[in-house]
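What follows is a set of notes on a single structure, which appears directly below.
Throughout, protein chains are lettered first and strands after them, A, B, ... in sequence-line order, and every chain is numbered starting at 1.
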Protein chains: 2
Amino acid sequence: MNELIQLKSAGLKSTLPRLKVLSLFESGNDRHLSAEDVYRKLLASGDDVGLATVYRVLNQFEQAGLLVKHHFEGDKSVFELNQGEHHDHIVCLQCGRVEEFYDATIELRQKKAAAERGFAVHDHSLYIYANCIKPKCQYKS
Amino acid sequence: MNELIQLKSAGLKSTLPRLKVLSLFESGNDRHLSAEDVYRKLLASGDDVGLATVYRVLNQFEQAGLLVKHHFEGDKSVFELNQGEHHDHIVCLQCGRVEEFYDATIELRQKKAAAERGFAVHDHSLYIYANCIKPKCQYKS
DNA sequence: TTACAAATGAGAATGATTAGCATTAGCAAC
DNA sequence: GTTGCTAATGCTAATCATTCTCATTTGTAA
Ligand SMILES: [Mn+2]
Ligand SMILES: [Mn+2]
Ligand SMILES: [Zn+2]
Ligand SMILES: [Zn+2]
């Protein structure tokens, strides 16, 4: 029911597909989901939505600040709940596990590097591609 | 003529399209080029190559370590000469200017962040999206 | 030269994402 | 509760970058 309020606050009409998508992200089972992931999960739980609608809703949510979009290596982009605090990502190249981290020093030195060269930072993306150290890595995908 | 040797050393047969592409990057006019950029530039200088060949050659060059591929914000990927030293990028969101930088502290703290979480770093990508501070920015694109 | 595998080029195919448009569903005013 | 209008949805077709297919051409080593 909380989702209804969130949508209103974001200036979005409360529709069934939007509630479903938002609930999925707030269920917290997976933080990082692609459009295709969301689509499949909704179908699996018996909720019928169109893929085009999923794409539209995800982008609207990003614009509204409810979600953040990332471009991990590969083609498809992934979304996660925007919970206020920025963080960067470590992605396992073998099993796909995603770990989040925040390093104040890195953030600071980025700003400095940009300033020194005559840029005002708008945004940045930092992805570390790595391998889980055994035996944590399940070599899934 | 130097390019011929580079190709051989990389284990690649010395063909006309490959020589053209490599020369273009070594001419140094633009460091960061997309496949489409390369294609257009070759056509413009009267060299007839197929777009498919450009894509193939760029990827071979990347595999061979002659080029590095980047995924700046947006759809198309860009390539640059691999000159040994790793660096990260600042991209102007207004004029598209790309500036390179290297920060040892950032590199170090990335490794540390990964190690602390049970990852062995394979690779990383750091892009800072920013705006040129006037009046350097030409607001081109 | 010859011979043959490797490379090229033109166009079809792919895969993620978006656009177009007829149909449906929120929601505010009766 | 109905009505009515706009915004949202869900197909499908279109985009766009990139890859694949395959017939033709080239580099190269004998
Ligand atoms: Mn995250
Ligand atoms: Mn560079
Ligand atoms: Zn792993
Ligand atoms: Zn600029």
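- Taking for each of B:Leu12 and B:Tyr39 the nucleotide of DNA chain C with the nearest heavy atom, the 5'-most of the two is the partner of B:Leu12.
- Among the heavy atoms of the strands lying under 4.0 Å from B:Arg56 is at least one base atom, whether or not backbone atoms are also near.
- A:Glu62 has its CD atom 10 Å from the P atom of C:dT18, to the nearest Å.
- As rounded to whole Å, 10 Å separates atom C1' of D:dA7 from atom CD of A:Gln60.
- For A:Ser77 and C:dT17, the shortest distance from a side-chain N or O to OP1 or OP2 is below 4.0 Å.
- Atom CG of A:Asp48 is separated from atom P of D:dG10 by 8 Å (rounded to the nearest Å).
- Between D:dT19 and B:Tyr55, no contact under 4.0 Å exists linking OP1 or OP2 to a side-chain N or O.
- Closest approach to the A:Asn59 side chain among D:dT9, C:dT18, D:dC20 is made by C:dT18 (side chain taken as heavy atoms from C-beta onward).
- Using a 4.0 Å heavy-atom cutoff across all strands shown, B:Ser14 reaches sugar-phosphate atoms only and no base atom.
- Within 4.0 Å of A:Thr53, counting heavy atoms only, lies at least one base atom of the nucleic acid.
- Comparing B:Leu16 and A:Val57 by the nucleotide of DNA chain D that holds the closest heavy atom to each, the one mapping nearer the 5' end is A:Val57.
- Look at A:Lys13 and you won't find any side-chain N or O under 4.0 angstrom from OP1 or OP2 of C:dG26.
- Atom C1' of nucleotide C:dG9 and atom CG of B:Leu43 are separated by 12 Å, given to the nearest angstrom.
- Atom CG in A:Leu51 sits roughly 18 Å away from atom P in C:dG20 (whole-Å rounding).
- Checking the phosphate oxygens (OP1, OP2) of C:dC27, a side-chain nitrogen or oxygen of A:Lys8 falls inside 4.0 Å.
- In this structure, B:Leu58 places its CG atom 13 Å from C1' of D:dA17, rounding to the nearest Å.
- Using cut-offs of 30° and 60° for the angle between ring planes, the B:His32 and B:Phe72 rings count as tilted.
- The only option from B:Gln83, B:His89, B:Glu85 that meets the side-chain hydrogen bond (donor to acceptor under 3.5 Å, both in side chains) definition with B:His87 turns out to be B:His89.
- Paired with B:Tyr55 under the rule side-chain contact (heavy atoms from CB on, under 4.5 Å), one option of B:Thr53, B:Leu58, B:Leu51 passes, and it is B:Leu51.
- Between the side chain of A:Asp103 and the backbone N or O of A:Ile106 there is at least one donor-acceptor pair closer than 3.5 Å.
- In this structure, of D:dT12, C:dG9, C:dT17, it is D:dT12 that holds the atom nearest to the side chain of A:Ala52.
- Remark: C1' of C:dG15 and NE2 of A:His71 are 16 Å apart, rounded to the nearest angstrom.
- In this structure, the side chains of B:Val38 and B:Phe25 come closer than 4.5 Å at one or more pairs of heavy atoms.
- The CD-C1' distance, from A:Glu36 to C:dT18, rounds to 15 Å in whole Å.
- OP1 or OP2 of C:dT8 lies within a sub-4.0 Å distance of a side-chain N or O belonging to B:Thr15.
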